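Quick notes on the structure that follows.
All values below were derived from every heavy atom in this structure, side-chain atoms included, with hydrogens, water molecules and symmetry-related copies excluded. By convention in this document, chain letters (A, B, ...) are assigned in the order of the sequence lines, proteins followed by strands, and residues within each chain are numbered from 1. As the structure is a prediction and not an experimental result, all values here were calculated from the model.
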Amino acid sequence: MIRTHEAGTLRAAHVGEQVTLAGWVARRRDHGGVIFIDLRDASGFVQAVFRDSSSEDAHKLRNEYCVKVTGTVERRPAGNDNPELATGEIELNVSELVILSEAAPLPMPIDEHVEVGDEARLKYRYLDLRRSGPAAALRMRSDASKIARNLLDDRNFVEIETPTLTRSTPEGARDFLVPVRVKPGTWYALPQSPQLFKQLLMVAGMERYYQIARCYRDEDSRADRQPEFTQLDIEMSFVTQEDVIELGESIVEALWRDLAGHQIQRPLPQITWHEAMDRYGSDKPDLRYGLELTELTSYFAGTEFRVFQAEYTGAVVMPGGATQTRKELDGWQDWAKQRGAKGLAYVLFDAETGEARGPVAKNLSEAHLAGLADAAGAKPGDAVFFAAGDRRHSQELLGAARIEIAKRAKLVDEDAWAFCWVVDAPMFERTDEGGWTAVHHPFTSPNEEWEPKFEEAPDRALAYAYDIVCNGNEIGGGSVRIHSGDVQRRVFDLLGISEEEASDKFGFLLEAFAFGPPPHGGIAFGWDRVCMLLAGADSIREVIAFPKSGGGYDPLTSAPTPITAQQRAEAGVDGPPKKA
RNA sequence: GGUCCUGUGGAGCAGUUGGAGUGCUCGCCGCCCUGUCAAGGCGGAGGUCGCGGGUUCAAGUCCCGUCAGGACCGCCA
């Protein structure tokens, strides 16, 4: 090493020692006769002092020059300590300065105190990462992965890599495709997850598999989504849902204990998917606040108001919402329309009299108005928002409203951690064409109750499928898989997948399942989201070294780029497509 | 595919009902300065106001289009 110590580790105990440091000029304070440099390396900062003998070159220093300095660690003069710095009691009296490399004027400030836009940060991510905050997020992620690996290793899990050039899967998200030079017209797909491979590893008798796996989905991005993302992917043989949940909680417990200083209460609460929808209008409810939905379908039975003559009518209360201005109430209508709803009906309860006001109130009978506050759980001064219509969509609208209310009314405790499992997810949902599709994936096992009869009521059939939710974010999910050929065939039948089609698409898996597949199940954590939460960030970009911006664009490398005619000719892009 | 927000020196922002010269902080360059620590003082450079079109006597400002970024809906088993 060209240095003897790390800058941020020097303390009063080192006073008198001759040391050599290497790092970057974080800041300079040139007083003419004496020059101070904050020298930064990965460990932190230390103040280097240049006087007469060493100051000639030091005048030339600029921010982010990479330098090597040799000198003596000295106690700072009385009154000059800097309690802000871990190294604030001492400084390095420099006798020799070597400029290792110079830095051009910076395109963005590298300053702990200055906000910089995302565009500049991502384009110059290597400069962004010199700042302590962004750097700490990546180090924290490394720690998180280490904690998970250690825990899984202790439990005899095997870390196994699976292919990233694989075959296209018909279900789920859009695949990223890779043309094949040696066989034009054929394509690899990048995996959306290692799902099928981990099941094959169970057939292979590995029993306990895990992998920190890169996954790819060609869908539009969001703050918590990237085209390539990472899962902590886990699969186990001879387990029940309870075993997977126990393991999942152990991982979450270790992560939050060691990285967030938070002890979770085990077992974590479990609520069923239907309960989550009924009470919170979401399959990933944020339990940091109440504001539960109330169903008023039977309350409004027989109402003259046509909007509420619906399959489902529900409500959510906005505490203190009655004082909202007309403009704010109109804002809710725009908000609802933006989500594809016709609007958001509301009733305001006067803070003084408790009297119901608003356009909807005029359409309701005296009796319905009289009992409404109690039925919806509203107090004088509150607003109540309603959604009516299709049960699922209405609940989702109210669920979204609930989140928005909590945000606007500042009801979210930002320091709280609220975990839960959402269990008993439905197996199937209707497709637009009137058939059925798997909610999770077609290898998810029906639960014990529904296994013999899921065909009788596919809309009500429940699966051994579970999601773990933290503060309204789905951070992981999994299921017990089907290991019986008979059940798998029945599921395919219901989904309208013929034997021929199944064999064409998943033949390799079904064939493997002919050879004594063990019962198995697993879970995958969305690792970027987990790390985002642990880092206290509001975007997964903060915990990804080189994230992409919207549209899958990489501001640093400018990928994706056009290819040359020659590359295209060789790539095998232009081979004939498969007949439909 | 759709909705909304934002584009102004290198960075972050301001710019009023359209009205004479786009301003501020930081950074950058030069000089001064021996105890600062987000150092300070003096001086200086740096702008197609994202791009194109339109309205107007006059556009950073209004209108249309377009590009880029962000948030969201659709989508994401």
Base, sugar-phosphate or nothing for A:G117? Non-hydrogen atoms, less than 4.0 Å.
sugar-phosphate

Once you round it to whole Å, what is the distance between P of B:C72 and CG of A:D538?
10 Å

Using whole Å, report how far CZ of A:F176 lies from C1' of B:C75.
13 Å

Ignoring hydrogens and geometry beyond distance, is the side chain of A:R222 in donor-acceptor contact with the base of B:G74 at under 3.5 Å?
yes

Side chain of A:A223, heavy atoms from C-beta onward: which of B:A71, B:C37, B:C73 has the nearest atom to it?
B:A71

Under a 4.0 Å threshold between the charged nitrogen and the carboxylate oxygen, would A:E64 count as salt-bridged to A:R40?
yes

Using a 4.0 Å heavy-atom cut-off across all strands, classify A:E396 as base, sugar-phosphate, or nothing.
nothing

Please report the distance separating the C1' of B:C28 from the corresponding atom of B:G74, rounded so that it comes out in whole Å.
47 Å

Can you tell me the distance, in whole Å, between the CG atom of A:D30 and the P atom of B:C42?
17 Å

Over all strands shown, is A:S193 touching base, sugar-phosphate only, or nothing at heavy-atom distances under 4.0 angstrom?
base

Would you classify A:P107 as touching base, sugar-phosphate or nothing, given that sugar-phosphate means primed atoms plus P, OP1 and OP2, and contacts are heavy atoms under 4.0 Å?
sugar-phosphate

Of all the nucleotides listed (B:C76, B:G70, B:C37), which has the minimum atom distance to the side chain of A:A173?
B:C76

Base B:C75 paired with A:R225 side chain (donor-acceptor, <3.5 Å):
yes

CA sep, side-chain torsions, deciding dist, call: A:W332, A:Y346, ring pair (Phe, Tyr, Trp, His ring centres under 6.0 Å):
CA-CA 10 Å; A:W332 281 103; A:Y346 62 88; 9.5 Å; no

Do A:D30 and A:H59 get their side chains close enough for a donor-acceptor pair, meaning under 3.5 Å?
yes

Is a donor-acceptor pair below 3.5 Å formed from side chain A:R217 to base B:C75, judging by atom type as modelled?
no

Is the count of non-hydrogen atoms from other residues, nucleotides or ligands lying under 6.0 Å from A:Y65 atom OH greater than 12?
yes

Strictly under 6.0 Å, is that where the ring centroids of A:F506 and A:F492 end up?
yes

Please state whether the base of B:G27 and the side chain of A:N63 form at least one donor-acceptor pair under 3.5 Å?
no

Counting the atoms with a prime plus P, OP1 and OP2 as sugar-phosphate, which does A:R121 contact under 4.0 Å by heavy atoms, base, sugar-phosphate, or nothing?
nothing

Does B:G27 have OP1 or OP2 sitting under 4.0 Å from an N or O in the side chain of A:R62?
no

Using a cut-off of 4.0 Å on non-hydrogen atoms, how would the nucleic acid contact of A:D224 be classed: base, sugar-phosphate, or nothing?
nothing

Whole angstrom is fine here: how far is it from CD in A:E219 over to P in B:G1?
13 Å

